[in-house]
Amino acid sequence: MASARADASSSAAASEAADVVVVGGGIMGLHVAWSLAAARVGRVVLFEKRRFGAGESGKSGAILRQHYSHETLIRMARASLARYRELHERTPGGIGFTNAGMAFVAAAADRDSLARNVALQRRCGVAVETLDAAALRRFEPRARFADDACGAFEPEASFVVPHPTLAAVAAQARAAGATLHEGRGVAELESDGARRITGVRLTDGTRVATRTLIVCGGPWSAALLAQVGSDLPLQAIRPEQAFFIAPAGHGTERCIWADLERGLYWKSEATGFTRVGNLPYDQDEKVADPDRYDEGVSGAFLADCRSRLAARVPAYSDSICWGGVSALYTVTPDAQALIGPVPATSGLFVVSGFSGHGFKLGPSVGVGVAALVTGGDPGPLEPAFFAPDRFARGQAQSGAYGFSVLG
Ligand SMILES: Cc1cc2nc3c(=O)[nH]c(=O)nc-3n(C[C@H](O)[C@H](O)[C@H](O)COP(=O)(O)OP(=O)(O)OC[C@H]3O[C@@H](n4cnc5c(N)ncnc54)[C@H](O)[C@@H]3O)c2cc1C
């Protein structure tokens with residue numbers, strides 16, 4: 001590896017040292033730590049200020065689909081799907097991997113985008129079936145579809161359950177040799193006069209010397225990076241989720257839905273509830289301090305979700321609502337993550353801004369980030385696609401359906 005050999009002697013005050021320090025024990029930090037340890041880069045230490053999954057990852061829908069507008073994302077989702085399936089098989093008790101299949105339904109306005117994405121998926125080896133209105137009605141006779149509706153079905157789409165998955169990834173990272181801490185937060189990033197990372201100071205005052213620091217802090221990343229003068233465009237927002245009891249006869253088949261016409265997605269949760277959320281997030285509240293946000297949802301949101309869902313699947317008009325929960329997304333201007341070196345500070349990497357669709361990409365992100373550090377093969381992750389400085393260079397990505405969790 002280029003610069004990460006630990007140098008504990010660089011400061012007399014150092015009480016710990018690591019070749020690589022990872023900040024954050026969400027799905028990204030844990031996958032990154034696992035891949036780095038597996039790549040034998042030396043001492044890899046992860047600090048999580050609360051507990052694994054305390055941020056976005058713990059409330060994730062954790063849907064693993066391969067429908068995207070970009071080849072690198074499809075290939076990353078595909079490789080990650082296989083890794084999650086493997087992890088489920090090798091974890092005692094599993095990680096809740098459920099092969100549910102996922103249906104996409106669109107109005108005429110999105111017909112061309114859907115067809116383009118399906119063609120891209122097929123080129124990447126993804127099994128996907130297109131559905132016209134008659135096929136949609138046969139596929140889900142309990143739903144209403146206009147005569148010009150179109151859709152697609154991805155049989156391999158699946159979901160996992162976040163907390164057992166986070167625990168399993170953490171166990172793999174430890175088995176590969178990484179040291180993971182919960183309840184230890186990073187308070188300060190340290191750099192020298194030449195703007196090279198030299199270490200971090202923890203909230204308990206401990207100094208940890210390192211030359212390579214990877215910030216996987218989800219919604220907290222922007223504030224951490226601001227300490228070294230970075231102003232990368234990472235914004236925390238507060239999406240709401242509703243939970244309904246599936247009407248009799250629904251939910252058991254477990255198919256996941258993305259309804260582009262209604263702007264909704266829904267899926268059966270392991271608890272038996274149907275989780276419903278918005279695909280677009282441009283109306284969601286911006287959150288200034290991720291440590292303090294309202295975790296509740298409004299009655300207006302629940303009523304609006306019910307009415308849009310019931311317009312598609314009428315039986316939801318009187319199903320029992322179990323309220324909802326608000327969560328956090330970290331979004332970027334083009335709905336794609338920032339992965340790579342932070343401009344103007346050497347030894348500092350950012351892995352954040354997954355804009356509501358990162359869980360499924362975690363394994364490929366881990367492999368790709370380890371390669372950025374070691375100079376190895378990043379697999380399907382194309383570093384240029386995620387380059388943190390792309391906005392400054394006028395090279396933002398674009399998505400077929402605008403900016404939403406569909407990426
Ligand atoms: C409601 C919801 C539904 C979603 N549904 C899906 C889906 O179906 N499919 C999908 O692929 N994705 C989905 N996502 C998105 C996905 O969950 C996120 O993209 C992903 O979890 C982001 O992980 P992360 O590790 O980047 O961030 P986080 O999970 O937020 O992790 C960041 C961690 O860093 C820690 N931290 C912060 N600052 C410090 C510090 N100074 N020191 C130490 N630790 C620190 C935090 O405590 C936190 O645990 C969903 C997200 C939400 C919220």
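Computed over heavy atoms, backbone and side chain alike; hydrogens, waters and symmetry mates excluded. If you're wondering where the values come from, they're calculated on a predicted model, not measured in any experiment. This chain uses plain numbering: 1 for the first residue, then up along the sequence. Order of listing sets the numbers, starting from 1, for every ligand and every atom in it.
Both tests do not hold together for R262 against Y265: distance to the six-membered ring centre under 6.0 Å, angle to the ring axis within 45°. With W34 as the aromatic partner, R83 meets the cation-pi criteria of under 6.0 angstrom to the ring centre and within 45 degrees of the ring axis.
For atom 31 (O) of ligand 1, the closest non-hydrogen atom of the protein is G26 CA, 3.4 Å. Nearest non-hydrogen protein atom to atom 19 (O) of ligand 1 is G358 N, 3.1 Å. Residue, atom and distance of the protein heavy atom nearest to atom 24 (P) of ligand 1 are M28 CG, 3.8 Å. Considering only non-hydrogen protein atoms, atom 45 (C) of ligand 1 sits nearest to K49 CG, 3.7 Å. S60 OG, 3.4 Å is the protein heavy atom nearest to atom 50 (C) of ligand 1. Ranking protein heavy atoms by distance to atom 38 (N) of ligand 1, first place goes to W220 CB, 3.4 Å. Counting protein heavy atoms only, atom 27 (O) of ligand 1 is closest to G218 CA, 3.5 Å. When hydrogens are left out, the protein atom nearest atom 30 (O) of ligand 1 is E56 N, 2.8 Å; that is the closest non-hydrogen contact.
Within the set L328, V405, L361, V160, the minimum heavy-atom distance to atom 53 (C) of ligand 1 is found for L328. Of the candidates E48, R50, K267, it is E48 that places a heavy atom closest to atom 46 (C) of ligand 1. Which of S57, G61, A62 comes nearest to atom 4 (C) of ligand 1 through a heavy atom is settled by distance: it is G61. Atom 7 (C) of ligand 1 has its nearest heavy-atom neighbour, among V331, T330, I63, in I63. With distances taken over non-hydrogen atoms, the option nearest atom 32 (C) of ligand 1 out of C216, G24, S326 is C216.
Of all the heavy atoms of K360, the ones lying under 4.0 Å from any atom of ligand 1 are found in both the backbone and the side chain. Residue M102 does not touch ligand 1, judged by heavy-atom distances below 4.0 Å. When heavy-atom distances to ligand 1 are checked against a 4.0 Å cut-off, A327 comes that close only through its side chain, counted from C-beta outward. Under 4.0 angstrom from ligand 1, there are no non-hydrogen atoms of F159.
Between the side chains of Y329 and H357, no donor-acceptor pair of N or O atoms lies under 3.5 Å. No side-chain donor-acceptor contact under 3.5 Å links R390 and Q397. A side-chain N or O of E56 and one of T330 form a donor-acceptor pair less than 3.5 Å apart. When only modelled atom types and interatomic distance are considered, Q227 and E188 share no side-chain donor-acceptor pair under 3.5 Å. If you check the side chains of S364 and S80, you find a donor sitting under 3.5 Å from an acceptor. In the model, R238 has a side-chain atom that pairs as donor or acceptor with a side-chain atom of S326 under 3.5 Å.
Taking a cutoff of 4.0 Å between a charged side-chain nitrogen and a carboxylate oxygen, K49 and D291 qualify as a salt bridge. Salt bridge status for K267 with E269: present, with a side-chain N to carboxylate O gap under 4.0 Å.
The distance from ligand 1 to the heavy atoms of P219 drops below 4.0 Å at these ligand atoms: 30 (O). Shown in contact with G356 at under 4.0 Å from a heavy atom are these atoms of ligand 1, numbered in order with element: 6 (C), 12 (N), 13 (C), 14 (N), 15 (C), 50 (C).
Identified under the ring-ring contact (aromatic ring centres under 6.0 Å, His included) test for residues 173-227, with sequence neighbours left out: F47-H181.
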